[in-house]
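Counting starts at 1 for both ligands and their atoms, following the listed order. By convention here, the first residue in the shown sequence is residue 1. None of these values were measured; they are calculated from a predicted model.
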Amino acid sequence: MSTVHLLDYVAGNIRSLVNAIEKVGYKVEWIRSPEDVPSAERLILPGVGHFGHCLNQLAQAGFLPAIQKHIESGKPFMGICVGLQALFEGSSEDPGIPGLGLIKGKLNRFDDTAKAVPHIGWNSAFTNGATLYDLRPGSKYYYVHSFKYPYKAGELESQGWTVATGTYGSETFVGAVARGNVFATQFHPEKSGVAGLRTLRAFLTGEGASALAVPPGSEGTAIPPAPGNVTFEDGLTRRVIACLDVRTNDQGDLVVTKGDQYDVRDKSEGGNVRNLGKPVELAKRYYEQGADEVTFLNITSFRDLPLADLPMLEILRLTSETVFVPLTIGGGIRDAVDTDGTKVSALEIATMYFKSGADKVSIGSDAVLAAEEYYAAGARLFGNTAIERIARAYGNQAVVVSVDPKRVYVPKPDATRHATIATKFPGPKGETYCWYACTIKGGRETRDVDVVELARAVEAMGAGEILLNCIDRDGTNSGFDLELVNQVKGAVRIPVIASSGAGHPKHFAEVFEQTPTDAALGAGMFHRGEYTVKEVKDFLAEKGLKVRQFEG
Ligand code: 1PR
């Protein structure tokens with residue numbers, strides 16, 4: 001079997017890349033030191049985390065001269081995400097740290113005044129008719145980054161690069177580049193479903209490398225029609241996420257369950273833990289229905305330390321072998337003491353999950369407690385929270401904060417210090433105002449922190465995204481709490497995932513049309529087989545909302 005060498009400069013979350021490479025029929029050999037590089041025929045540099053962190057790690061380990069030599073030798077080289085960014089001269093993310101300088105120019109941050117940053121989700125890699133490692137105008141690719149190279153027609157082409165672009169808001173950025181033996185993608189091919197596997201295979205086989213579609217100097221003119229009858233639609237699609245609440249049932253098996261306002265036990269049948277299926281099977285089913293992401297929430301592990309929770313790691317390993325869209329895992333990620341008394345940090349637990357195939361980790365209870373300490377210290381940070389440490393090591397985009405709020409009704413706004421909203425759904429005593437109190441331990445304990453305080457605190461700590469659940473709506477099939485989503489979206493600039501209450505495809509259309517949410521999540525309606533993810537996305541497409549079509 002042909003091999004490809006993977007430069008693992010840091011124990012990053014790149015198991016999914018290994019799975020994708022093996023899926024397209026290649027074997028991964030690891031590059032652990034600069035001396036290994038000359039033996040590589042094909043070399044992939046996966047980028048994890050920050051620009052400066054990546055370049056510093058490469059420099060300190062002495063990899064930079066070896067990488068330059070590999071590229072100069074004409075042997076195939078591929079950079080992914082920060083691995084593309086490293087090819088440039090630098091980035092405003094870490095101004096003092098130089099890149100490889102293969103491409104003239106410096107990256108800068110997306111403008112977040114009118115859109116969420118990081119740019120997370122499925123967007124185009126439009127080649128404007130050029131051949132570029134089988135990138136296709138009708139396909140979408142998974143991006144997760146805050147910094148980008150702004151595309152100016154003809155600029156990189158004049159340096160001999162063939163370029164694919166994406167557009168986010170009003171900004172068009174470089175999605176992929178190729179020149180000679182070098183190919184690099186800002187998106188993650190290993191998390192971009194079949195479209196991503198296709199371009200990875202094209203690089204590994206060398207098929208359809210790159211060729212300009214238009215003679216140099218005439219770039220940026222009229223866009224030639226996409227091949228075939230594919231309609232090209234630029235821009236970020238609406239993300240539909242399938243969520244699997246996982247816990248051990250009374251027989252000790254890890255099953256997919258689902259709560260009603262977080263109560264996962266059947267009202268009848270002796271109050272057993274609802275068993276809605278096997279985690280690996282259901283995750284694969286939702287991937288094949290077109291889910292843009294899959295989230296596992298391990299809802300028992302806040303009692304049992306994940307280290308003892310090996311089944312969840314095995315579930316991730318198995319799932320990441322057949323599901324090539326982003327996987328998020330939450331539940332029990334916090335500093336803890338293992339059953340044998342050893343201290344285990346949240347970062348170590350997160351690293352176990354990343355090594356098992358997770359792309360993002362989700363922190364719930366610990367984020368609320370960290371927010372309380374943040375405000376108690378006068379809204380100051382000391383770099384020691386789980387969110388800060390994991391974001392520093394793996395990048396902001398790898399950290400999701402899962403919020404478990406419940407409504408607290410008040411007769412008037414000044415009845416509480418918390419951020420209230422006027423609600424269309426009056427309380428039990430006719431109250432027309434409410435605020436949302438955060439809870440920990442799966443809703444078992446309510447804290448004196450509201451969702452606006454929590455969202456702003458975790459954004460300051462470097463969380464990349466908020467998973468906004470709602471205990472009142474959980475499992476009710478009554479639709480998302482649009483008032484809650486609007487309040488949190490109005491408070492932060494990082495992406496928000498609306499969660500809890502979906503029972504019909506129209507609920508997804510509603511939340512995308514009536515709030516600026518960046519994504520929407522469903523659970524029970526999928527597990528009970530009432531609707532498929534595909535039916536939801538087809539419904540959204542009929543409503544004129546931009547969705548990614550699954551490519552089988
Ligand atoms: O606090 O860091 O250990 O994380 C625990 C995680 O587990 C949190 O993300 C918390 O939301 C979740 N969790 C804990 N207990 C429960 C429970 O149900 N008893 N699940 C639970 C919460 C929320 C979503 C759910 C949506 C959509 N579930 O996962 O899927 O509400 O459901 P629906 O579409 O069926 O309405 P930590």
Side-chain angles (χ1 to χ4, degrees), residues 240-249 255-265 273-274 276 279 282 286 291 293-306 309 312 328-336 346 349-350 353 360-371 385-387 390 399-406 438-445 447 451 454 458 463 465-481 484-485 497-505 507-508 511 519-531 533 536:
V240 174
I241 299 173
C243 183
L244 299 88
D245 290 7
V246 179
R247 64 155 286 166
T248 42
N249 64 11
V255 297
V256 176
T257 187
K258 190 65 226 18
D260 288 330
Q261 289 86 36
Y262 287 34
D263 176 1
V264 296
R265 289 191 175 274
V273 170
R274 273 189 204 100
L276 297 171
L282 279 182
Y286 300 143
E293 295 189 23
V294 172
T295 294
F296 288 112
L297 292 181
N298 188 353
I299 66 177
T300 37
S301 65
F302 61 77
R303 286 200 293 275
D304 318 313
L305 194 76
D309 191 14
M312 194 64 232
T328 301
I329 172 72
I333 298 177
R334 67 188 186 286
D335 293 346
I349 294 171
Y353 279 133
K360 303 189 246 184
V361 291
S362 162
I363 299 176
S365 306
D366 191 63
V368 177
L369 301 175
T385 63
I387 292 170
I390 299 169
V399 183
V400 178
V401 168
S402 172
V403 187
D404 298 318
K406 56 169 60 165
C438 297
T439 67
I440 60 174
K441 295 182 181 171
R444 287 172 173 76
E445 193 178 318
R447 308 292 294 193
V451 289
L454 178 64
V458 301
E465 199 168 29
I466 288 176
L467 169 55
L468 184 58
N469 302 303
C470 172
I471 295 180
D472 310 273
R473 290 298 177 102
D474 178 59
T476 62
N477 285 1
S478 59
F480 298 98
D481 184 333
L484 167 65
V485 177
I497 302 164
S499 168
S500 300
H504 185 283
H507 293 144
F508 287 82
V511 76
L521 175 150
M525 66 185 271
F526 299 139
H527 306 335
R528 295 187 296 268
E530 289 150 8
Y531 292 96
V533 174
V536 167

Please say whether Gly332 places an N or O atom under 3.5 Å from an N or O atom belonging to ligand 1. yes
For Asn469, counting its heavy atoms only, list the atoms of ligand 1 lying under 4.0 Å from any of them. 11 (O), 23 (C), 24 (C)
Kindly indicate whether the side chain of Tyr353, heavy atoms from C-beta on, has any atom under 4.5 Å from the side chain of Ile333. yes
Ser500 versus Asp481, side-chain donor and acceptor atoms under 3.5 Å: no
Quick one: which of Leu467, Val240, Leu468, Val511 gives a side-chain contact (heavy atoms from CB on, under 4.5 Å) with Leu521? Leu467
Note: ligand 1 atoms sitting under 4.0 Å from heavy atoms of Lys258 are 25 (C), 30 (O), 32 (O), 33 (P), 35 (O)
For ligand 1, find out whether one of its N or O atoms is nearer than 3.5 Å to an N or O atom of Gly522. no
With a 4.5 Å cut-off on side-chain heavy atoms, are Ile497 and Glu465 touching? yes
May I ask you to check whether Met525 has an N/O atom sitting below 3.5 Å from an N/O atom of ligand 1? no
Please confirm whether Asp366 approaches ligand 1 to less than 4.0 Å, judged on its heavy atoms. no
For the residue pair Val361 and Val400, establish whether any side-chain heavy-atom pair is separated by less than 4.5 Å. no
Hey, are Asp245 and Thr257 close enough side-chain-wise for a donor-acceptor pair under 3.5 Å? no
Cys243 N/O under 3.5 Å from ligand 1 N/O: no
Ligand 1 and Asp263, any nitrogen or oxygen pair closer than 3.5 angstrom? no
Which atom pair, heavy atoms only, marks the closest approach of Ala370 to Thr385? CB-CG2, 4.2 Å
Kindly say whether the aromatic ring centers of Tyr531 and His507 come within a distance under 6.0 Å. no
Would you mind listing which atoms of ligand 1 come within a distance below 4.0 Å of any non-hydrogen atom of Gly501? 33 (P), 36 (O)
Can Thr439 and Arg444 be said to form a side-chain contact (heavy atoms from CB on, under 4.5 Å), step by step? CA-CA 7 Å; Thr439 67; Arg444 287 172 173 76; over 6 Å; no
If we only count heavy atoms from C-beta on, is the His504 to Asn477 side-chain gap below 4.5 Å? no
Atoms in ligand 1 flagged as close to Ser365, the criterion being non-hydrogen separation under 4.0 Å: 1 (O), 2 (O), 37 (P)
Check Ser499 against ligand 1 and report side chain, backbone, both or neither, counting heavy atoms closer than 4.0 Å. side chain
Contact (N/O only, under 3.5 Å) between Asp245 and ligand 1: yes
Can you check whether Ser362 has an N/O within less than 3.5 Å of an N/O in ligand 1? no
Asn298 to ligand 1: N or O pair under 3.5 Å? no
Hey, is ligand 1 close enough to Arg334 that some N/O pair sits below 3.5 Å? no
Would you check the N or O atoms of Ile299, main chain and side chain alike, for any that come under 3.5 Å of an N or O of ligand 1? no
With atoms numbered from 1 as shown, which atoms in ligand 1 lie under 4.0 angstrom from a non-hydrogen atom of Gly524? 33 (P), 34 (O), 35 (O)
Can you tell if the side chain of Val368 reaches within under 4.5 Å of the side chain of Val403, non-hydrogen atoms only? no
Identify which one of Leu484, Thr476, Val485 satisfies the side-chain contact (heavy atoms from CB on, under 4.5 Å) criterion when paired with Cys470. Leu484
Any side-chain heavy atom of Asn469 sitting closer than 4.5 Å to one from Ser402? yes
Atom indices of ligand 1, in the order listed, that fall short of 4.0 Å to a heavy atom of Gly331: 3 (O), 4 (O), 5 (C)
For Ser402, the atoms of ligand 1 under 4.0 Å from one of its heavy atoms are 8 (C), 9 (O), 11 (O)
Does some non-hydrogen atom of Gly330 fall short of 4.0 Å from ligand 1? no
Can you sort out which atoms of ligand 1 are near Asp404, meaning under 4.0 Å from one of its heavy atoms? 8 (C), 10 (C), 11 (O)
